[in-house]
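As the structure lists them, so they are numbered: ligands from 1, and atoms in each ligand from 1.
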Amino acid sequence: MKIKLLAIICLLAFSCSNKYKDVANSEQDYQIIPKPVSLETAKGRFLVDSDTKIFGAPELENEGEYLAEMLSYAANVNATFEAGSSGNIELRLDDTIENDEGYSVTVAYDNIVISGKTAKGVFYGIQTLRQLMPASIESKTNQIEALTIPAGTIKDNPRYVYRGMHLDVARHFFPVSFIKKYIDLIALHKMNTFHWHLTEDQGWRIEIKKYPKLTEIGSKRNGTIIDHHPGTGNDETEYGGFYTQEEVKDIVKYAAERHVTVIPEIELPGHSGAAIAAYPYLSCFPEEPTFVTKDMGSKKGKDIQAKGTPKIVQETWGVFDDVYCAGDEETFAFLQDVLDEVITLFPANYIHIGGDECPKENWKRCPKCQDRIKKEGLHDEHELQSYFIQRIEKYLNAKGKRIIGWDEILEGGLAPNATVMSWRGTKGGIEAAKQHHNVMMTPGHSCYFDHYQVKDKEAKAKEPLAIGGNTTVADVYAYEPTPEELTEAESKYILGAQGNVWTEYMKTTDYVEYMILPRMTALSEVVWSPKQSRNWEDFHSRLQHFSDRFDALQLNYAKHSIENK
Ligand code: ACM
Ligand code: ZN
């Protein structure tokens, strides 16, 4: 009797999955962004049900659990990952895959195999599988009655090793929960780096235990200008926030589980106003009041200055003369201490040290800086900036870290091992590659997501306030990170590209989402997919499907950038 019952159950289960064996799929079932290197469709669908079991190499437990959680939003499914050799979704490490981030996904009606050279490749295979499933999988409610996945084989690997998204949390601060959401978006797009811009004139956002005033004083400003720079007044509202070291560790761990590297940016020698407000001795002129655009400073800030505290956290946007003193040894002692703590929190090989927009006016007037120029045999203040960067590079190199700097670090001579982030167009990137330095491309015209995303004057007037410029989703999609000016050998130094998100005018997380989506989606294909497969019409059509995922995830994306071509 028992055997009979078992036979009936087996037959039922078999006929149930068999039902999907010969199902014909349509093109609509295979809408993947970024476009994979190769995709072969097939007949049949895999049914995710209560029998679904994920298994594979024990090293892939993190990826297995990530996939199990994704599938658990289907009705009546409680898939788990088990190291071993039995189940119907296999995660496999495969040495024959050449690219470290490469993967293959094979879906048949009765099993799925996801292989990667590394766990990272397997993770990207899972992201592809995710897009073969309906968008409703994203809504995280157990609601999909019969979750099925179309059969086929995908073999894929990225074009560039560096695929980044930057976020400025200093002009406006965003909570840990949003940083995690941002990292999830990076992972969805098979991007691999989060560039976290943590320090600025308008706020210091990371706890440094040896210098508590950095967050006690430096993380708060007394007000913020209203409207576009130079502003129409001050909102007279205290604004602040910072991440504790425990929160930073939690975020770095969360990112690592999603194969996202977090690169912290600690700006120097410019954009250092918040640190100077906390520790005025870091300035060339500790007694000189912080300059806030005339009539735009808060009453509270002015009062504090009038009562004998000249340095305050900046309340308006722009580039400011008050920068770290390059002549004083105490500046370097401070920065080395800060970097020592930063290094322990971020396992990334790289630390971004800024280097952009550092006016030389104070250095020209400062006896200590002038003395440094003389003693070191430097020609001018540009070489003093180069001295500054090279000294920090040497310190970090000795600790096993490499530096990235904005393209101004080329001026006065590039530090020997520095990587350049080209933002003022592509010129800096080209020059650095010709000097055989690694480069990430982030040129304003294509990669600045703080620009308006429409060109038409009338449409622009309806958009939320932005910094200026125009970078449409089509502009981003048309961007080619490897400049024609480079030889094949020089092109190897172009590691990839990144979207930059400066938040002067992005006060809310909703607004950040609006500015990055779908522009980061376009960039994800630029940095991942083969150059020859780039096709705007095709991408735009896949984007319609992809945006269903944004809806399910309740993201505030720029719908008009998807609807209009
Ligand atoms: C920058 O946009 N100042 C790097
Ligand atoms: Zn100085």
Chemist: Regarding Lys559 and the six-membered ring of Tyr557, is the cationic atom NZ or CZ under 6.0 Å from the ring centre and inside 45° of its axis?
Modeler: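 Geometry flag: set, cation within 6.0 Å and 45°.
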Chemist: Check ligand 1 against Glu357 and write out every atom of the ligand that is under 4.0 Å from a heavy-atom position of the residue.
Modeler: 3 (N)
Chemist: What is the SG(Cys284)-the Zn ion (ligand 2)-SG(Cys325) angle, to the nearest 10 degrees?
Modeler: 110°
Chemist: Suppose I only count heavy atoms of Tyr448 and a 4.0 Å limit; which atoms of ligand 1 are within that range?
Modeler: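 In order of number, 1 (C), 2 (O), 4 (C).
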Chemist: Which of these, Lys220, Lys300, Arg221, sits in a salt bridge (charged side-chain N to carboxylate O under 4.0 Å, His left out) with Glu238?
Modeler: Lys300
Chemist: Numbering the atoms of ligand 1 from 1, which are under 4.0 Å from a heavy atom of Trp423?
Modeler: 1 (C), 2 (O), 3 (N), 4 (C)
Chemist: Under a 3.5 Å cutoff, is there a donor and acceptor pairing between the side chains of Thr482 and Tyr160?
Modeler: yes
Chemist: Roughly how far, to the nearest 0.5 Å, is the CG atom of Leu268 from the CD1 atom of Ile389?
Modeler: 5.5 Å
Chemist: Taking heavy atoms and a distance under 4.0 Å, where does Met421 meet ligand 1: side chain, backbone, both or neither?
Modeler: neither
Chemist: For atom 3 (N) of ligand 1, what's the nearest protein heavy atom and its distance?
Modeler: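 Here the closest protein heavy atom is Asp356 OD2, 2.7 Å.
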Chemist: Run the side chain to side chain contact (heavy atoms under 4.5 Å, CB included) check on Ser298 and Asn234 step by step: do they pass?
Modeler: CA-CA 6 Å; Ser298 65; Asn234 192 294; 3.6 Å; yes
Chemist: Compute both the distance and the angle, then confirm whether Arg258 meets the cation-pi test with Tyr254: under 6.0 Å from the six-membered ring centre, within 45 degrees of the axis.
Modeler: yes
Chemist: Relative to the heavy atoms of Trp502, which atoms of ligand 1 are at a distance of less than 4.0 Å?
Modeler: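 Under 4.0 Å from Trp502, ligand 1 has these atoms: 1 (C), 2 (O), 4 (C).
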